[in-house]
Amino acid sequence: MLDRRFVVENAELVHQNNSNRGVKADVHRLVELEKQRRARLLEVEELNRRKNEIAANIKKAKTQDERQPLIDEGRKVRERQDAAQAEHDELDRQVLDLLRVVPNLTHPEAPVGPGEEANREVRRGKHQPPQFTFKPLDHVELAEKHDLIDFESGAQVAGHGFYFLKNEAVLLELALQKYALDLLIAEGFTPVITPDLARDEVLQGVGFIPRGEATQIYSIENTDLNLVATAEITLGGMHAGKVLDAEKLPLLYCGVSHCFRTEAGAAGRASRGIYRVHQFTKVEMFAFTRPEESDATLERICALECRVFDGLGIPYRVVDTATGDLGGPAYRKYDLEAWMPGRGEGGEWGEVTSTSNCTDYQARRLDIRYKNKGEKGTHFVHTLNGTAVAISRALIAILENYQEEDGSIRIPEVLQPWVGKARIGGK
RNA sequence: GGAGAGGUGGCUGAGUGGUCGAAAGCGCCGGUUUGCUAAAUCGGUGAGCUCGAAAGGGCUCCGCAGGUUCGAAUCCUGUCCUCUCCGCCA
């Protein structure tokens, strides 16, 4: 959420930003309502002041005769105040409804454009896409060949979009987690395993919308709990309502969680196999920083994602996300897209990570602030998130890039210690 | 799941209708003292919003949301959370 005062004072800027991002929100109405709300607030405060004054006089009054008229007046003032308050609350509700739709501001260097076509490739990883001397299989065919993923049982037990990982795929999942965690722990990140469920309130604070028509979120009936779509939700909620010491920033976490997504409306989109599924495991980075460090932290997180995938030997490109393709809370976002030889005709790039600087947009709603020692007042922290490794997508990239002519699949060297072998099938 | 107890400022913790934005202690900031450190001592020290050029005002906040009242940290209702005991359980 943006600061309402900021919106009032920068209506044009906010309006322009909305249109760059393809968001329709009536900023001018928002400003108008907010001004009315403030006028009403002043009125409420004045009546409150009067009410307090009367109450103080009653306390001083000695006799019942002196007291009674004051009590009567006090009651009237309270009634007027209640009415004004109700009007204020209604205005406030309307303002918030509009404000919730307004996305974050955008980094000046982010490419401007309506959708992903406008994304800008900023660099490539160390490894080139492999040149196969044979027709490569896709991960579904490879998984079937080596009995790595059981889609049929997944569908039988939980429906389409669910799967059982089996055999080396299981070891690969665990190896990927361990690999990513070790790398991040060495970088000063605190490892955590987060809850897989979170309250409505937390989801909203982080910028997810539970329980709507088009929601991506599974909710638990008769509770205010939801299955998390990413550990970003739980990690962001971790310090909600807290005032953090400035000296302790930045706080860096790497959190492991399962991720659940309804993928409503995604049917029909190119998504064979485990590219788009209802459940997967992910190691997520999350940072709470001071405002002045957040841009640099985004670069750092992106660089770490690159290290993860360079280390795995997977070819990728880094993309600077265009305004129209940014999620509401993101100020700037980089995606890593790995080369997936089995995707489309002759291979395609497929998103494997995503890192965003959300500046103070999430912190304002989650009420996460920091305090400088010896200084009055508090400020909102900046929050950033980034995928270290989303297992299902990484698995696709590994299986498809590491396949060999005889149908076997090499295991990336960095994972071999945990998988306990160098190759799946073959020789 | 059942029974109890409790949620107060950065922390510990007092406070059962007005004198409470809230005692006291700790912490923190500044002064004095001190060879340095420590100790001692004095003073200061919550947050948000709002009016004002400033000085300085006003409003709100004692888990959260409502209610009663001229007046609520204090009474009532709901809700969330924490702790203890019992039950169940990997």
Side-chain angles (χ1 to χ4, degrees), chain A residues 1-9 30-31 33-93 95-96 99 193-205 210-211 219-226 233-234 237-249 251 258 288 290-291 360-381:
Chain A
M1 201 160 58
L2 292 182
D3 177 33
R4 47 227 281 174
R5 190 172 20 173
F6 179 87
V7 175
V8 169
E9 288 167 6
L30 168 51
V31 169
L33 286 167
E34 173 62 9
K35 283 181 178 162
Q36 287 178 30
R37 190 207 127 242
R38 265 206 227 171
R40 199 58 86 209
L41 183 64
L42 242 51
E43 194 181 317
V44 171
E45 288 188 354
E46 171 55 26
L47 286 166
N48 243 327
R49 193 196 58 72
R50 178 68 190 135
K51 197 175 75 169
N52 290 341
E53 191 174 67
I54 292 168
N57 288 338
I58 291 172
K59 193 177 54 186
K60 280 186 259 167
K62 305 222 162 24
T63 69
Q64 187 56 29
D65 280 354
E66 283 177 60
R67 223 173 275 140
Q68 194 53 49
L70 288 168
I71 290 176
D72 292 343
E73 195 194 345
R75 186 178 298 126
K76 280 188 201 125
V77 171
R78 191 186 65 206
E79 280 160 9
R80 278 164 58 204
Q81 190 235 333
D82 282 349
Q85 182 76 51
E87 287 175 44
H88 167 271
D89 291 351
E90 173 56 23
L91 286 165
D92 192 38
R93 200 186 56 72
V95 169
L96 280 171
L99 206 52
I193 294 177
T194 86
D196 285 341
L197 276 72
R199 294 175 194 290
D200 290 343
E201 197 189 312
V202 176
L203 289 254
Q204 281 156 7
R211 296 165 208 269
S219 298
I220 310 289
E221 205 175 359
N222 301 324
T223 72
D224 64 344
L225 290 171
N226 311 273
I233 293 168
T234 40
M238 211 172 168
H239 296 305
K242 297 270 164 50
V243 179
L244 308 170
D245 289 339
E247 311 98 274
K248 293 193 180 137
L249 300 177
L251 293 176
H258 292 114
F288 301 86
R290 300 187 221 202
D360 60 359
Y361 191 90
Q362 292 176 327
R364 185 168 289 110
R365 252 200 281 197
L366 291 166
D367 189 24
I368 309 170
R369 293 171 290 151
Y370 71 94
K371 186 177 173 52
N372 285 313
K373 203 170 179 171
E375 195 181 274
K376 248 186 111 57
T378 58
H379 314 273
F380 288 112
V381 300

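Chain naming here is simple, since letters A, B, ... match the order of the sequence lines and numbering starts at 1 in each.
For the pair Leu47(A) CG and C70(B) P, the computed distance is 16 Å after rounding to whole Å. When the P atom of G71(B) is taken as reference, atom CZ of Arg49(A) falls 16 Å away, rounded to whole Å. Atom pair Gln85(A):CD and C59(B):P shows a separation of 14 Å (rounding to whole Å applied). As a whole-Å value, the separation of Arg38(A) CZ from C49(B) P is 10 Å. Remark: P of G10(B) and NE2 of His239(A) are 17 Å apart, rounded to the nearest angstrom. Residue Glu73(A) contributes atom CD, which lies 16 Å from atom C1' of U69(B) at whole-angstrom precision. Atom P of nucleotide G10(B) and atom CG of Leu244(A) are separated by 12 Å, given to the nearest angstrom. When rounded to the nearest whole Å, the span between OH of Tyr370(A) and C1' of G10(B) equals 17 Å.
Base pairing annotation: U32(B) forms a Watson-Crick or G-U wobble pair with A40(B), both donor-acceptor distances under 3.5 Å. Pairing partner, A23(B): none, since no Watson-Crick or wobble contact has both distances short of 3.5 Å. Using Watson-Crick or G-U wobble geometry with both donor-acceptor distances under 3.5 Å, C61(B) finds its partner in G46(B). Judged by Watson-Crick or G-U wobble contacts below 3.5 Å, the nucleotide G71(B) has no partner. Look at G87(B): it lacks any Watson-Crick or wobble partner with both distances under 3.5 angstrom. In this entry G6(B) has C81(B) as its Watson-Crick or G-U wobble partner, both defining distances falling under 3.5 Å.
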Any protein N or O atoms within reach of nucleotides 60-66 of chain B? Criterion: under 3.5 Å, listing atom names and distances.
unit_1: U60(B); atom_1: OP1; unit_2: Asn48(A); atom_2: OD1; d: 3.3

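Salt bridge present: Asp92(A) and Arg4(A) bring a charged side-chain N and a carboxylate O closer than 4.0 Å. Salt bridge Asp65(A)/Arg67(A): absent, no basic N to carboxylate O contact under 4.0 Å. Using a 4.0 Å cut-off between a side-chain N of Lys or Arg and a carboxylate O of Asp or Glu, Lys76(A) and Glu79(A) do not qualify as a salt bridge.
Comparing G15(B) with A54(B), their P atoms sit 42 Å apart, to the nearest whole Å. The gap from the P atom of G13(B) to that of G7(B) amounts to 10 Å, rounded to the nearest Å. For the C1' atoms, the distance from A65(B) to C88(B) is 33 Å, rounded to whole Å. C28(B) sits 16 Å from G10(B) when the P atoms are compared, rounded to a whole Å. Comparing U34(B) with C59(B), their C1' atoms are spaced 47 Å from each other, to the whole Å. Across A22(B) and U77(B), the matching P atoms stand 29 Å from one another, rounded to whole Å. With both ends at atom C1', the span from C75(B) to C62(B) equals 16 Å, rounded to whole Å. When the P atom is compared between G27(B) and A39(B), the two are found 8 Å apart, to the nearest whole Å.
The salt bridge (Lys or Arg N to Asp or Glu O under 4.0 Å) search around Asp3(A) returns none, not counting sequence neighbours. In this view, His88(A) satisfies the ring pair (Phe, Tyr, Trp, His ring centres under 6.0 Å) rule with no residue, not counting sequence neighbours. Partners of His379(A) by ring pair (Phe, Tyr, Trp, His ring centres under 6.0 Å), not counting sequence neighbours, listed by chain and number: Tyr370(A).
One finds the CE atom of Met1(A) at 8.0 Å from the CZ atom of Phe380(A) (value rounded to the nearest 0.5 Å). Taken to the nearest 0.5 Å, the CG atom of Leu91(A) stands 14.0 Å off from the NZ atom of Lys35(A). Atoms CD1 and CZ, on Ile71(A) and Arg75(A) in that order, are 7.5 Å from each other to the nearest 0.5 Å.
Among the heavy atoms of the strands, none lies under 4.0 Å from Leu70(A). Residue contacts for Arg50(A): at a heavy-atom cut-off of 4.0 Å it reaches no nucleic acid atom on any strand shown.
At A47(B), one or more side-chain N or O atoms of Lys371(A) fall inside 4.0 Å of OP1 or OP2 (strictly under the cut-off).
A residue-by-residue look at Thr378(A) and Ala56(A) shows that Ala56(A) has its nearest nucleotide of RNA chain B further toward the 5' end. Comparing Val243(A) and Leu41(A), the nucleotide of RNA chain B nearest to each residue sits closer to the 5' end for Val243(A).
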I'd like a table of donor-acceptor pairs (distance under 3.5 Å, sequence neighbours excluded) in which one partner is a side-chain atom from residues 49-61 of chain A, with atom names and distances.
unit_1: Arg49(A); atom_1: NE; unit_2: Glu46(A); atom_2: OE1; d: 3.3
unit_1: Arg49(A); atom_1: NH1; unit_2: Glu53(A); atom_2: OE2; d: 3.2
unit_1: Arg49(A); atom_1: NH2; unit_2: Glu46(A); atom_2: OE2; d: 3.0
unit_1: Arg50(A); atom_1: NE; unit_2: Glu73(A); atom_2: OE2; d: 3.4
unit_1: Arg50(A); atom_1: NH1; unit_2: Glu53(A); atom_2: OE1; d: 2.5
unit_1: Arg50(A); atom_1: NH2; unit_2: Glu73(A); atom_2: OE1; d: 3.2
unit_1: Arg50(A); atom_1: NH2; unit_2: Glu73(A); atom_2: OE2; d: 2.7
unit_1: Lys51(A); atom_1: NZ; unit_2: Gln81(A); atom_2: OE1; d: 3.1
unit_1: Asn52(A); atom_1: ND2; unit_2: Asn48(A); atom_2: O; d: 3.4

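The side chain of Arg369(A) sits closest to A47(B) out of U19(B), C70(B), A47(B). Among the nucleotides C49(B), G48(B), C70(B), the one closest to any side-chain atom of Ile54(A) is C70(B). Comparing C49(B), G48(B), C70(B) against the side chain of Ile58(A) picks out C70(B) as the nearest.
With a 4.5 Å cut-off on side-chain heavy atoms, Leu197(A) and Asn226(A) do not count as touching.
Counting non-hydrogen atoms of neighbouring residues, nucleotides and ligands closer than 6.0 angstrom, the CD atom of Glu201(A) reaches no more than 12 such neighbours.
Shown for residues 74-82 of chain A: residues whose heavy atoms fall under 4.0 angstrom of RNA chain B, namely Gly74(A), Arg75(A), Arg78(A).
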